[in-house]
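Since the structure comes first, as structure tokens, the remarks are kept for the end.
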Amino acid sequence: MNAHASLLPKLIAVATVACVPLSGESFYIEIVGKVLVMAIFAMSLDLLVGFTGLVSFGHAAYFGIAAYAVALLSPQYDAASLWVVMPAAVALSALAAFVIGLFVLRTKGIYFIMVTLAFAQMAYFIFHDTPLGGGSDGMYLNNKPSAAIFGWEPFELTNEVHLFYFILAMMVLVYLFLARLLQSPFGRVLVGIKSNEHRMQSLGYFTFRYKLGAFTLAGALGGLAGFLYTVLFGFVTPELLSWHESGNVLLMVILGGMGNLAGAVAGAFAFEAMREIFADITKYWQLLMGGVIVAVVLFLPGGLAGVPGRIKRALQGGEAK
Amino acid sequence: MDFASFLIQTLNSLQYGLLLFLVASGLTLVFGIMGIINLAHGSFYMVGAYLAFVLSSATGSLVMAIVLGIPLALVFGAILEWALFSHLYKRDHLEQVLLTYGLILIFEQLRSLLVGDDVHGVAIPAFLDASIQLTEVMSYPVYRLAISAVCVALAVALYHVIQRTRLGMMIRAGNDDRSMVESLGINIDMIYRVVFALGVALAALAGMLAAPISSVFPNMGSQVLIISFVIVVIGGIGSVWGALVAALIVGFADTFGKVLIPELSGIVVYVVMAVVLLWRPEGILKKG
Amino acid sequence: MSERTKQEVLLQADRLTRRFGGLVANQDISVTLERGMIHVLLGPNGAGKSTCINMLSGDLPPSEGRIHFMGQDITRLSAAQRSQVGIGRSYQRTNIFPQFSVLENVRLAAQSRRQQPWRIFSKAMEAEWALEKARACIEEAGLGRRVDWVSGVLSHGEQRQLEIAMVLATDAQVLLLDEPLAGMGSEESASMVEVLKRLRRTRGILLVEHDMDAVFAVADMITVMVNGQLLECGPPAQIKASVAVQQAYLGTEDSFHV
Amino acid sequence: MSNMLLEAKEIHTYYGASHILHGIDFNIREGEGIALMGRNGMGKSTLIKSMLGLVRPRHGRVLVRGDDRSRARTWQIAQQGIAYVPEGRGIFKSLSVRENLLMSARAGVDGRREWTFDRVMETFPRLGERIGNGGWQLSGGEQQMLTIGRALMTNPDLLILDEATEGLAPLIAMEIWRIVKEIRKTGIATVIVDKNHGAVTSICDRAMILVKGQVVFDGSSDEIRAQPELIQTHLGV
Amino acid sequence: ADKIKVGLMLPYTGTYAALGNAITNGFKQYVAENGGKLGGREVEYAVVDDESNPAKATENARKLVSREKVDVLVGTVHSGVALAMAKVARDTRTLMIVPNAGANDLTGPLCSPWVFRSSFSAWQPSYAMGEALARKGFKNIVTVTWKYSFGEESVAGFKEAFEQGGGKIAKEMTLPFPNVEFQPFLTEIASLKPDAVFVFFAGAGAAKFVSDYSAAGLKNSIPLYGPGFLTDGNLDAMGAAGEGLLTTLHYADGLSNARDAAFRTEYAARYKAQPDVYAVQGYDAAQMYEAGLRAAGGDPGRKEEVIKGMESATIDSPRGAFTLSRAHNPVQDIYMREVKGGENVVVEIVSKGLEDPARGCKL
Ligand SMILES: Nc1ncnc2c1ncn2[C@@H]1O[C@H](COP(=O)(O)OP(=O)(O)OP(=O)(O)O)[C@@H](O)[C@H]1O
Ligand SMILES: Nc1ncnc2c1ncn2[C@@H]1O[C@H](COP(=O)(O)OP(=O)(O)OP(=O)(O)O)[C@@H](O)[C@H]1O
Ligand SMILES: [Mg+2]
Ligand SMILES: [Mg+2]
């Protein structure tokens with residue numbers, strides 16, 4: 001819980017990641033960029049799952065809506081302005097989350113899980129079954145947005161290194177924003193809702209509004225991740241909204257340890273790294289990955305976020321359990 | 001739609017609904033009653049289907065395959081519970097999500113290694129391999145009707161066990177407060193093991209029964225997973241009748257959705273779920 | 001009690017009825033609560049006391065009847081809205097935030113009086129007023145030695161004390177207390193009684209309690225319910241003497257000696 | 001002298017790093033009644049849970065009917081004829097009143113079946129009226145009756161009541177004490193935690209006072225009654 | 001000289017794993033027959049399991065291109081994944097050979113000098129079937145498919161030819177992918193009583209459709225036709241229900257040309273399994289690249305020449321020789337096949353040298 005004690009490892013982690021472009025290997029720059037995008041995505045979901053107690057199983061919808069928004073809003077032969085498409089994409093996701101939130105937040109627990117899934121599936125089928133975004137084949141984003149402001153271009157998203165640092169900056173910003181948010185009265189209320197919503201109501205909190213606020217915010221940040229994803233890869237497909245993707249990001253959050261922003265980031269890194277590394281070393285990567293996940297659940301209750309604490313306790317020779 | 005077609009579509013809906021209930025029945029037990037969020041339900045279904053394929057190839061009969069397969073599935077379920085799930089009851093429910101996701105990967109890969117990635121068929125037992133003429137061009141396979149009968153029997157049996165027997169009461173109580181059940185001198189660990197094994201066996205049975213009509217293929221589990229959860233949840237978690245009603249509703253919605261609004265048929269099921277849950281936030285029949 | 005001259009009616013419930021399916025848990029129950037007064041609701045188990053409190057606090061909508069708070073009709077307000085106008089409650093079954101520290105439990109209660117959800121960049125822990133208030137309330141409820149404990153690990157009785165601290169922190173004008181003493185030891189009960197007396201000065205308290213020593217020590221007015229219906233309403237002496245109440249609820253003196 | 005039912009020897013229990021019980025010795029014989037007293041948070045419930053295996057003591061032994069059961073599972077201990085009514089109840093919410101009772105029904109260790117569904121209904125007529133209700137639909141006091149009834153359905157030799165009259169109306173509480181007395185007469189041993197010291201000491205023959213996880217008094221009820229200052233200092237009445 | 005590095009991006013897990021393996025086998029078989037070399041150089045593989053997941057497709061393709069620095073990308077089965085790969089191929093100017101995915105766009109509006117296909121376009125086998133059924137004199141046909149691009153493109157191809165031939169589509173039925181509850185459609189078909197039914201399904205869904213169709217008794221009264229994916233790889237699962245089905249595809253059993261016979265014998269010996277159309281497509285992908293490399297003197301770096309070489313080659317495929325269209329799609333014969341004794345036996349060539357129209361391709 002001591003903010004300063006854990007600051008150093010985080011700074012080191014960010015610094016290490018910031019060194020990735022020095023390798024000059026576009027593949028690594030891109031893949032780490034993707035992991036950073038997923039980290040934003042996971043943090044946005046953790047705001048709901050880990051802090052507000054709202055387990056959304058349809059979070060990919062907001063990722064996907066923003067992803068499609070960039071592709072659809074960008075002109076075919078020209079670059080759109082970053083300062084227009086990014087806010088627009090994020091706002092669309094936020095709007096979708098707000099409207100869907102109005103409905104789904106009436107339910108609780110597992111029912112909430114399923115209704116969020118239902119709405120996400122509807123969004124999925126809209127993109128999959130209609131020609132709107134190229135149907136099941138998806139569509140290309142032919143030109144990455146331009147960051148030019150009145151002719152002056154501070155950085156170029158077409159440059160992979162610039163893009164990488166842009167994403168990294170976004171990730172750090174989202175982290176700082178959420179970390180701060182969670183310490184605010186608003187954040188404390190969310191955590192209170194997770195613990196005992198009924199009690200929060202009888203204390204005079206209009207919990208629905210807070211939950212809707214959190215849901216919309218999470219949708220917006222999920223949208224930010226979706227936006228960055230499209231800019232990074234230039235290709236969108238309905239699968240981005242599928243329940244598999246919603247499940248994957250949920251797994252990242254759980255793997256990292258719910259209710260811990262750094263855990264969500266760690267979960268995203270671990271999840272993507274495992275897929276990457278295991279698929280590299282063997283054709284039977286699923287077996288390895290499945291085995292590791294099962295082992296994590298059995299031996300690391302509380303996910304990766306609990307690991308530093310365990311190490312500390314082991315070093316201090318303190319009480320087990 | 002002419003009247004005859006309407007009747008046949010109604011029959012289709014019923015039959016599909018009952019099939020969905022069969023597929024979801026194991027989940028009703030493991031998730032609905034025991035409260036385990038089991039994403040590997042689809043894998044157990046797949047295990048059943050492949051057991052049906054392997055065993056019926058070996059023995060030459062689906063009936064034999066089922067007779068041999070059920071005990072295997074029970075043992076398999078009990079071992080899983082002992083080795084994995086029993087450690088998770090006291091933890092956050094979402095860790096079960098992680099665990100069962102890991103299991104999906106493992107089972108899928110093992111399936112590929114052991115049986116390969118081809119699509120297989122399973123023969124309908126000879127005594128059921130007939131059909132009933134409905135219209136001059138269309139007939140209805142007896143096997144499908146037989147499965148429907150099994151589903152109804154299963155629903156009644158499941159309801160009876162869960163609602164009417166002491167075992168059922170203990171299981172439900174265990175989901176409320178495990179240590180209290182233990183304090184009453186009941187070996188809840190053993191009960192949970194047995195019930196989990198039963199849930200696995202039910203899922204496997206569904207796979208075995210469905211194998212002849214759905215064929216046996218990679219990833220077949222993931223196709224039934226979501227729909228099973230949808231059914232258990234719309235029905236009201238923990239309610240067998242609810243699951244049955246939900247399965248029938250989904251059966252009707254899907255069947256008539258395909259006929260009447262084909263453009264939207266992909267989302268019909270989800271619209272139904274959203275509407276039901278917004279109307280009754282705890283499912284159609286909450287408990288009992 | 002008689003010295004109070006100007007009596008201000010805080011809460012007025014008129015002919016509240018609540019049905020659960022066929023069961024009538026409350027039938028035509030009217031209760032009046034004045035500032036400076038402790039009104040005790042008595043009745044056998046299942047008489048409908050908690051149901052009545054739930055209707056007053058907004059946890060349950062009444063099937064019939066109206067509720068007024070300081071002249072304003074609040075029948076349709078939600079639980080949160082009623083809390084905001086000044087009705088606070090505690091629960092019969094302990095209802096806290098078990099993962100949080102005692103301080104945070106009470107601080108959240110205090111924070112609810114000044115919600116500023118848009119100020120997402122200020123730190124909750126730096127709002128001194130809320131912390132001070134929380135500490136004071138914890139002290140008042142007799143939990144001072146447990147301020148930094150995780151509330152879920154408190155003993156049963158301590159959790160009951162925490163419930164009280166939380167209502168106190170919401171500045172409620174009207175306190176609806178559902179068996180606050182249940183589970184408290186005799187010493188804690190005694191000090192709670194003192195707390196209640198102190199709180200009475202500025203507020204109105206509706207108390208449900210089965211601890212007769214405490215009830216007769218604090219009550220200004222007593223309403224007795226049986227099977228969802230009003231049996232008798234009057235000052236403590238009248239109730240103590242009532243044969244009907246003794247039969248239905250108190251038991252006779254000699255039956256005390258088991 | 002009758003046989004030992006339940007014993008705890010030198011029990012030390014911790015929750016994480018906090019040391020709650022500091023070497024407690026406890027024993028109860030067949031038919032005996034013990035009043036367990038102490039202020040809030042002194043470790044009464046923890047002692048009970050430690051003996052039932054609901055919490056694992058770090059040191060010390062638990063013996064049931066003379067056999068070391070320190071490692072036994074809770075259900076194994078309970079099956080030795082020990083029934084437990086926890087504080088804060090523990091009703092099964094998704095079960096109806098009837099089911100709450102039926103699920104625990106069991107013959108006693110010696111095959112006795114004194115307590116049946118009907119007898120519980122007779123004892124708590126109020127429950128009879130609510131028989132089809134779900135556990136979550138009961139009033140607080142009704143829940144309390146249900147837990148006691150449920151414990152009795154196991155036909156125990158030892159009944160442990162942790163704040164069993166919490167939230168019960170005086171009449172019912174008296175009724176409970178009367179029933180407990182009856183139960184005691186049939187030879188069932190009882191451990192009672194309750195804030196009504198008068199009642200418990202009159203029912204039980206022995207009393208024990210815990211202060212900060214240690215036994216400060218263990219003697220007969222008469223002794224306690226004779227020494228009101230004891231109650232004054234340790235229980236603060 | 002350096003080795004040739006081939007990037008195989010195919011599904012090795014999930015629904016299409018069997019196809020991925022067959023393609024890989026076919027490709028490697030040709031390389032082995034060629035002395036383990038392509039263009040005279042040793043071959044080295046970089047393999048990625050694409051899981052048929054478009055959401056990971058770009059990333060996987062880039063891994064092969066920028067980390068493994070492959071000379072050619074070979075993949076894949078799933079159209080959405082192939083489209084994502086094609087974008088990477090275009091952006092990074094990497095040669096790509098599609099050994100299966102049939103999306104028309106790949107060699108249509110999205111065609112590119114860098115992208116070749118050794119298989120088919122969704123349009124091809126269906127168009128041929130449309131011609132054939134129109135010739136047979138059917139007037140009134142119902143189509144059924146999944147609502148996804150491959151299915152819709154197939155139906156569109158069929159419809160184009162069938163309507164040109166004077167037929168009429170009575171009703172186009174679609175159901176969401178990968179839903180396999182067909183009973184409502186069978187009932188509708190029975191009440192519409194068309195002359196015939198054209199379906200596009202593949203894999204397990206196809207097996208189930210054919211079984212259900214037969215179990216509903218429709219097989220005897222209303223004939224069923226479809227592109228060959230209906231039966232390929234599924235005959236075992238369909239059992240008797242499949243017997244007698246007529247399908248169109250660019251490959252068949254019993255072609256009785258020497259090339260095919262040799263290919264089959266070798267495949268059977270090597271992999272202890274019978275080859276299928278997917279294996280052929282993998283095999284031909286290797287042949288195509290070989291042709292390109294040979295034209296460039298074995299140097300994969302001379303990309304223009306490799307492309308030229310492939311464009312002008314005639315591929316001596318087990319399916320029969322084919323050339324590539326300007327959009328890089330095979331110009332090939334389409335066979336009418338009949339299911340007989342568990343094999344897709346060739347009946348006749350229904351469309352000789354059928355070329356995809358490559359609408360929207362600016363090459
Ligand atoms: N949700 C509900 N559904 C059905 N019946 C209910 C529900 N809640 C309470 N009841 C019934 O209404 C009656 C009144 O309950 P209530 O909780 O108000 O009693 P009470 O007076 O507070 O009793 P106690 O002193 O035991 O707490 C009881 O018989 C109870 O069983
Ligand atoms: N699960 C737990 N984790 C950590 N500490 C606990 C836990 N349960 C109880 N404690 C602590 O142990 C001490 C003893 O608790 P216990 O419940 O045994 O007290 P008690 O004597 O029964 O009190 P009461 O009369 O209030 O029920 C208390 O200080 C309590 O805070
Ligand atoms: Mg009550
Ligand atoms: Mg206690």
Side-chain angles (χ1 to χ4, degrees), chain A residues 49-50 55 57-58 100 102-104 106-126 128-130 243-244 247-248 250-255 257-259 267 278 282-303, chain B residues 31-32 35 37 39-40 43 83-85 87-88 90-113 222 225-226 229-234 236-237 262-283 286:
Chain A
V49 177
V55 184
F57 194 20
I100 293 176
L102 283 174
F103 293 98
V104 297
R106 288 160 37 91
T107 58
K108 296 207 161 52
I110 191 81
Y111 299 98
F112 178 81
I113 299 183
M114 297 310 284
V115 200
T116 47
L117 168 75
F119 278 95
Q121 286 294 89
M122 292 179 208
Y124 169 81
F125 279 106
I126 286 175
H128 189 276
D129 285 3
T130 67
W243 68 266
H244 295 98
N248 283 346
L250 189 58
L251 290 170
M252 291 174 197
V253 171
I254 305 172
L255 183 67
M258 287 164 282
F278 292 153
T282 165
K283 223 176 137 173
Y284 309 121
W285 63 273
Q286 287 194 335
L287 206 55
L288 265 184
M289 174 121 178
V292 169
I293 287 178
V294 169
V296 166
V297 176
L298 289 185
F299 303 114
L300 295 179
Chain B
F31 168 63
I37 305 184
L39 299 186
S43 300
L84 303 176
F85 288 86
H87 304 287
L88 261 65
K90 291 196 184 107
R91 302 236 220 114
D92 193 300
H93 272 39
L94 288 181
E95 295 199 18
Q96 294 161 350
V97 171
L98 200 56
L99 177 80
T100 49
Y101 174 79
L103 289 182
I104 295 180
L105 295 180
I106 293 176
F107 292 149
E108 205 53 57
Q109 188 90 69
L110 288 179
R111 187 265 312 139
S112 166
L113 285 171
S222 79
L225 177 63
I226 291 289
F229 270 96
V230 167
I231 284 165
V232 174
V233 169
I234 317 192
I237 295 163
E263 313 75 39
L264 295 179
S265 64
I267 62 170
V268 162
V269 169
Y270 299 100
V271 171
V272 166
M273 171 156 83
V275 168
V276 167
L277 291 185
L278 294 174
W279 163 57
R280 305 201 65 158
E282 306 220 288
K286 199 179 133 203

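Letters go in sequence order (proteins before strands), and every chain restarts at 1.
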Q.
For the interface with chain A, which of B:Ile37, B:Leu84, B:Ile104, B:Leu110 has the highest count of heavy-atom pairs at distances below 4.5 Å?
A.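 Result: the option with the highest number of such pairs is B:Leu84.
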Q. If you count heavy-atom pairs under 4.5 Å with chain A, which of B:Leu277, B:Leu264, B:Leu88, B:Leu98 comes out on top?
A.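 Looking at each option in turn, the highest pair count goes to B:Leu98.
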Heavy-atom cut-off 4.5 Å, strictly under: side chain, backbone, both or neither for [X] against chain A?
{"X": "B:Val272", "result": "neither"}
{"X": "B:Phe229", "result": "both"}
{"X": "B:Val230", "result": "both"}
{"X": "B:Ile234", "result": "neither"}

Interface moiety of [X] toward chain B, non-hydrogen atoms closer than 4.5 Å:
{"X": "A:Val292", "result": "neither"}
{"X": "A:Trp243", "result": "side chain"}
{"X": "A:Phe112", "result": "neither"}
{"X": "A:Val253", "result": "neither"}

Nearest-0.5 Å distance, [atom1] of residue [X] to [atom2] of residue [Y]:
{"X": "B:Tyr101", "Y": "A:Leu255", "atom1": "OH", "atom2": "CG", "value": "10.5 Å"}
{"X": "A:Thr282", "Y": "B:Gln109", "atom1": "OG1", "atom2": "CD", "value": "7.0 Å"}
{"X": "A:Tyr284", "Y": "B:Ile106", "atom1": "OH", "atom2": "CD1", "value": "15.5 Å"}
{"X": "B:Trp279", "Y": "A:Arg106", "atom1": "CH2", "atom2": "CZ", "value": "12.5 Å"}
{"X": "B:Leu105", "Y": "A:Trp285", "atom1": "CG", "atom2": "CH2", "value": "6.5 Å"}
{"X": "B:Ile231", "Y": "A:Met114", "atom1": "CD1", "atom2": "CE", "value": "10.0 Å"}

Of all of [options], which one pairs up most often with chain B through heavy atoms under 4.5 Å apart?
{"options": "A:Met258, A:Lys108, A:Met289", "answer": "A:Met258"}
{"options": "A:Val55, A:Leu288, A:Val115, A:Leu251", "answer": "A:Leu251"}
{"options": "A:Asp129, A:Val49, A:Ile293", "answer": "A:Ile293"}

Nearest non-hydrogen partners of [X] and [Y], listed with the distance:
{"X": "A:Met122", "Y": "B:Ala274", "result": "CE-CB, 3.7 Å"}
{"X": "A:Phe125", "Y": "B:Gly266", "result": "CE1-O, 3.3 Å"}
{"X": "B:Glu108", "Y": "A:Gln286", "result": "CB-OE1, 3.9 Å"}

(Q) Given 3.5 Å as the limit, does a donor-acceptor pair link the side chain of A:Tyr111 with the main chain of B:Ile237, or not? (A)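 Here the side-chain-to-backbone pair exists.
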Q. If only atom types and distance count, is the side chain of B:Glu95 paired as donor or acceptor with the main-chain N or O of A:Gly302 below 3.5 Å?
A.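 Indeed, once roles are kept as given, a pair shorter than 3.5 Å links the two residues.
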Do [X] and [Y] come within less than 4.5 Å of each other through their side chains, counting heavy atoms only?
{"X": "A:Phe57", "Y": "B:Ile226", "value": "yes"}
{"X": "B:Phe31", "Y": "A:Ile110", "value": "yes"}
{"X": "B:Leu99", "Y": "A:Val294", "value": "yes"}
{"X": "A:Val297", "Y": "B:Arg91", "value": "yes"}

